[in-house]
**Student:** 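One structure, as structure tokens, below. Some questions next.
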Amino acid sequence: MFTHGRAVEVEGDEREEVDAHWTAHYGSSPYSWGDVVIFRLEPTWMVGYASDRSEILARRGVPEESRPLS
């Protein structure tokens, strides 16, 4: 996946929530690991790539005649 957007530093209540999640996952706060700053991405656009588009659409129940190539 490719994306373009703006990185926003996680602060305030959101920072506490993210810190609690990572602390529960790793057993220690990432802020205790050194100079750590956590960001989230506010995307302006994204592009995904499907290596086998027909197979993916088939699994989702899209009939072959409804799978345009573009």
**Student:** Indicate yes or no: at least one non-hydrogen side-chain atom of Ile56 is less than 4.5 angstrom from one of Arg60.
**Tutor:** yes

**Student:** Measuring only between side-chain heavy atoms, which start at C-beta, is Arg40 closer than 4.5 Å to Glu9?
**Tutor:** no

**Student:** Answer yes or no: does atom CD of Glu64 have more than 12 heavy-atom neighbours from other residues, nucleotides or ligands under 6.0 Å?
**Tutor:** no

**Student:** Please work out whether the ring planes of His25 and Trp22 are parallel, tilted or perpendicular, with thresholds of 30° and 60°.
**Tutor:** perpendicular

**Student:** When you group the ILVMFWY residues by side-chain heavy-atom contacts below 4.5 Å and let the links chain together, are Val18 and Trp33 in the same group?
**Tutor:** yes

**Student:** Does atom CZ of Arg59 have more than 12 heavy-atom neighbours from other groups under 6.0 Å away?
**Tutor:** yes

**Student:** Answer with yes or no whether the hydrophobic clustering places Val36 together with Val10; edges join I, L, V, M, F, W, Y residues whose side-chain heavy atoms lie under 4.5 Å apart.
**Tutor:** yes

**Student:** Who pairs with Ser29 by side chain to side chain donor-acceptor pair (under 3.5 Å), at least two apart in sequence or on another chain?
**Tutor:** Asp19

**Student:** For atom CZ of Phe39, decide whether the heavy atoms of other residues, nucleotides or ligands shown that lie under 6.0 angstrom number more than 12.
**Tutor:** yes

**Student:** Give, for atom CZ of Arg15 and atom CD1 of Ile38, the distance between the pair rounded to the nearest 0.5 Å.
**Tutor:** 7.5 Å

**Student:** Can you tell if the side chain of Thr23 reaches within under 4.5 Å of the side chain of Ser28, non-hydrogen atoms only?
**Tutor:** no

**Student:** Tell me if the CD atom of Glu14 is crowded by more than 12 foreign heavy atoms within 6.0 Å.
**Tutor:** yes

**Student:** Hey, is the main chain of Pro43 close enough, under 3.5 Å, to the side chain of Thr3 for a donor-acceptor pair?
**Tutor:** no

**Student:** Does Asp13 have more than 12 heavy atoms from other residues, nucleotides or ligands lying within 6.0 Å of its CG?
**Tutor:** no

**Student:** Out of curiosity, does Tyr26 fall in the hydrophobic cluster containing Tyr31 (side-chain heavy atoms, cut-off under 4.5 Å, transitive links)?
**Tutor:** yes

